[in-house]
Protein chains: 2
Amino acid sequence: MRSSIKLTGSLEDYLEAIYLLAKDKSEVRITDIAVFMNLSKPSVNRAISNLKANALLEHERYGTIKLTEDGILLAKEIYFRHETLTKFFIENLGIDPEIAQNDACKIEHIISHQTLNKLVAYMNKII
Amino acid sequence: MRSSIKLTGSLEDYLEAIYLLAKDKSEVRITDIAVFMNLSKPSVNRAISNLKANALLEHERYGTIKLTEDGILLAKEIYFRHETLTKFFIENLGIDPEIAQNDACKIEHIISHQTLNKLVAYMNKII
DNA sequence: AATAAAAGTTAGCCTAGGTTAACATTTATT
DNA sequence: AATAAATGTTAACCTAGGCTAACTTTTATT
C-alpha cells in the first residue's frame, strides 16, 4: 500500500469533504466544497491543486472534481477515524452529537494509528 | 474567573512547558524552554512576548521568566487535560506511554470542555 | 446571439509559527 | 580588567492556510 502520503489536517478535511459530497452528488465542484466547508472558493481552489499534486484527485481547469483510487482510500481512512471517534464520544461518553462531531473532526487528524486501533478494540470489548 | 483567554495550541504548549520547568528549576530561562521543547530561541522569544502580552507571565529583557497567577491557573488546566488524556490512553486503552504522551500533547489543545469532563466522569465510573 | 449570472482562477494580503544569521548583553573565566 | 562563552534579541525569510478584489471562463436566460 502506498498510503504513506502524509497530508496536513486541513487537506485531510478537504479530502473528507469531497468524499462525502461525492456520495450524494455525481459531480463535485469547487463551489460545492466551499459551501459545505464554509470557506472561500480561492481557498478551496488552492487545496484542490495541492491534492491533485498528490495524485488524490483529478481536476481540469473549470471542471469537476473526482477522487482517484488513492484519494478514495485515504478519504475512507480519514472518515473511519471520524466515525470511530464520534461513536465513542456519543455512545460511551454521552457527548452531545454536535460537540462530538466537532471534536472528532479535529482529533481525527492528529490521533495516532495505535491509539485509534486500540480505541476500536476497546469499544468492541466494552459493548 | 477570567480564564476566558483563548490561546493557540502552540502557546498552550509553551505555557505548559514553562509550568513544568518551573516545578524543578527556580528560574526559567528562554534557553531552558528552547532545549526542553526542542525549538529555536527566537521562536521561544516571540512566544514569550505573546504570553506576556496576555498577562500570563512576567519577563524583563535578558531576564528570567515567571508565570503570573493567571498563567499558573491556565497552565494547570492545560496540564490537567494532558494528564487526563494520558491516563485514559495508558490505563484504559493500553497505549504505549510514549505514544500516549504524544497523542495527549496534541489532543489537549483541541478537545472541548464537555468531552474532557465526560471523559473524567467516565474514567471514574469504570474504575 | 447577446447579455447576465454563476463558477473558477489569479494576485496579493494577512496571521501564526517555525527557521537562520547577525548582533547585543550578560555572565564566567583567565 | 579583559576576553571568552553563554544567553537573549532582532531582522528577515519560509510555509501553510485563511481572506478579498479583480478577472476569466462557462453556463443560463432573455
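When reading the values below, keep in mind they use all heavy atoms of this one structure, side chains included, and skip hydrogens, waters and symmetry mates. Numbered from 1 within each chain, the chains take letters A, B, ... in sequence-line order.
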Interatomic distance where CG belongs to Asn38(B) and C1' belongs to dG18(C) [whole Å]: 12 Å
Length of the line joining Ile48(A):CD1 and dG17(D):P, which is rounded to integer Å: 13 Å
Sequence-aligned protein contact record of nucleotides 4-17 of chain C, with B where the base is within under 4.0 Å of a protein heavy atom and S where only the sugar-phosphate is: ---BBBB-----SB
Atom NZ of Lys66(B) with >12 non-hydrogen neighbours under 6.0 angstrom: no
Partner of Tyr14(A) under side chain to side chain contact (heavy atoms under 4.5 Å, CB included), chosen from Leu56(A), Leu57(A), Leu39(A), Ile65(A): Leu39(A)
Length of the line joining Leu39(A):CG and dT20(D):C1', which is rounded to integer Å: 14 Å
Between C1' of dT9(D) and NZ of Lys52(B), the distance in whole Å: 13 Å
Mutual orientation of the aromatic rings belonging to Tyr122(A) and Tyr122(B) [parallel < 30°, tilted 30-60°, perpendicular > 60°]: perpendicular
Rounded distance (Å) that lies between atom C1' of dG8(D) and atom CD1 of Ile65(B): 10 Å
Residues Arg81(B) and Glu12(B) bridged, charged N to O under 4.0 Å: yes
Under-4.0 Å side-chain N/O to phosphate OP1/OP2 contact, Ser40(A) with dG18(D): no
Within 6.0 Å of NZ in Lys87(A), more than 12 heavy atoms from elsewhere: no
Pairwise side-chain contact, Ile18(A) with Leu21(A), heavy-atom cut-off 4.5 Å (strictly under): no
